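Nothing here was measured: the structure is a model prediction, and the numbers come from that model. Chain letters run A, B, ... following the sequence lines, proteins first, then strands; residues in each count from 1.
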Protein chains: 2
Amino acid sequence: MQISTRFTVAVHALLCIAYFSPERKVTSGFIAGSVKVNPVVVRRTLGQLKEADLVTVEAGVGGASLARSAAEITLLDVYRAVESTGERLFNFHENPNPACPVGGNIHAVLDGELAAAQAALEDRLAQTSLADLYAKLADLTGTSAG
Amino acid sequence: MQISTRFTVAVHALLCIAYFSPERKVTSGFIAGSVKVNPVVVRRTLGQLKEADLVTVEAGVGGASLARSAAEITLLDVYRAVESTGERLFNFHENPNPACPVGGNIHAVLDGELAAAQAALEDRLAQTSLADLYAKLADLTGTSAG
DNA sequence: TCATGTTGTAACAATAATAGTTACAACAAG
DNA sequence: CTTGTTGTAACTATTATTGTTACAACATGA
């Protein structure tokens with residue numbers, strides 16, 4: 001299974017905000033034009049980012065901004081905002097047989113390893129900030145500041 | 001989104017084989033009784049493990065065995081056998097706008113980070129072998145060898 | 001030969017998540 | 001009051017997962 005496009009859409013939206021704001025008003029329609037999805041999809045994603053205090057959105061007038069500096073927003077923040085709703089990455093089967101020596105101990109044997117694997121993923125995501133991505137982007141586009 | 005139960009079912013099945021085989025014939029029905037799922041689900045999973053050369057299954061007579069030693073089967077092997085069919089963990093939106101400086105460079109900026117995060121997950125999975133899990137299980141059940 | 005138990009696989013249903021879309025009330029500002 | 005935007009509801013389509021029944025193919029022993 002794959003992690004949904006919400007995550008990359010969210011990162012894309014944040015990069016748009018970092019790149020264009022505040023020179024241009026970055027609306028859901030503008031972001032949608034860059035990502036090439038329906039504006040409602042962007043609004044849903046921005047809603048999750050707002051919930052996680054990563055962006056602020058102006059009601060009525062329109063336009064989104066970062067709620068904190070790009071250096072203080074990591075990919076893990078974004079991942080947690082749009083993907084993991086407090087849940088585990090690995091999904092376990094519900095009712096292993098407690099009467100079987102394997103079924104009765106499968107959680108004790110496996111849970112720690114799965115948690116460690118998820119932690120490895122999240123640790124790596126936490127090492128990359130939006131500022132890192134912006135620096136790469138600015139390098140590619142020749143933009144000095146945004 | 002979560003990684004499907006196929007992965008934990010597969011690990012559970014392999015642990016059953018490691019623990020009970022060859023003293024008992026480990027059939028799909030027997031594994032299903034430990035995992036508490038339908039035997040057909042187990043057969044489908046065993047089919048994927050067989051495809052990946054992790055187990056052998058006796059047609060007709062019944063019963064599964066490890067195709068190599070438990071020390072030579074890692075969680076990454078299992079993960080790849082049942083989950084990632086050569087695909088990426090992170091799912092990207094299809095058509096970023098190439099005319100937008102962000103949309104046109106989003107892959108160049110983000111792909112490497114996503115690959116690194118997936119690699120971190122897989123590297124951690126590769127560090128744990130079925131033998132490690134079996135040792136934990138034997139410790140819990142007081143079994144010296146199986 | 002035949003009965004038995006098993007595997008492999010097809011077929012189908014139920015459920016859930018994702019993603020796209022239309023529609024519209026609420027809002028802010030000129 | 002007009003305009004443009006947000007937030008959200010509602011609905012659809014698609015896909016993946018999971019559970020289930022059914023059955024042909026197979027190996028073995030009686």
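Using modelled atom types, one finds no donor on one side chain facing an acceptor on the other under 3.5 Å when comparing Arg6(A) with Thr45(A). Side-chain contact annotation: Thr74(B) with Gln127(B), donor-acceptor N/O pair under 3.5 Å absent.
Rounded to an integer number of Å, the gap from CD1 of Ile31(A) to C1' of dG7(D) is 15 Å. Note: CD (Glu51(A)) to P (dG7(D)) measures 11 Å, nearest angstrom. Taking atom CG on Leu46(A) and atom C1' on dT8(D), their separation rounds to 14 Å, with Å as the unit. Rounding to whole angstrom units, CG of residue Asn38(A) and C1' of dT5(D) are separated by 14 Å. Atom NZ in Lys25(A) sits roughly 11 Å away from atom P in dG30(C) (whole-Å rounding). Taking atom CZ of Phe7(B) as the reference point, atom P of dT18(D) lies 13 Å away to the nearest angstrom. Residue Arg43(B) contributes atom CZ, which lies 15 Å from atom P of dA24(D) at whole-angstrom precision. In this structure, CD of Glu58(A) is placed 10 Å from P of dG7(D), rounded to the nearest angstrom.
Here the nucleotide nearest the side chain of Val37(B), chosen from dG19(D), dG20(C), dT17(D), is dG19(D). Checking dA19(C), dG20(C), dT7(C) against every side-chain atom of Asn91(B), the shortest atom distance belongs to dA19(C).
Remark: Arg24(A) CZ is loosely packed, at most 12 non-hydrogen atoms of other residues, nucleotides or ligands lying under 6.0 Å away.
Under the rule for a side-chain hydrogen bond (donor to acceptor under 3.5 Å, both in side chains), Thr5(B) has no partner lying at least two apart in sequence or in another chain.
Counting any heavy atom pair closer than 4.0 Å across all strands shown, Gly62(B) reaches sugar-phosphate atoms only and no base atom. Gly63(B) comes within 4.0 angstrom of the backbone, heavy atoms only, and of no base.
Neither OP1 nor OP2 of dG4(D) sits under 4.0 Å from any side-chain N or O of Thr27(A).
In terms of heavy-atom proximity, Leu137(B) sits nearest to Pro101(A) at CD1-O, 3.5 Å.
Nearer the 5' end of DNA chain C, as judged by each residue's closest nucleotide, is the contact made by Thr5(A), out of Thr5(A) and Val61(A). Each of Arg44(A) and Ala64(A) lies near DNA chain D, and the nucleotide nearest Ala64(A) is the one positioned closer to the 5' end. Position along DNA chain D of the nearest nucleotide to Lys50(A) versus Val40(B) favours Lys50(A) as the more 5'-ward residue.
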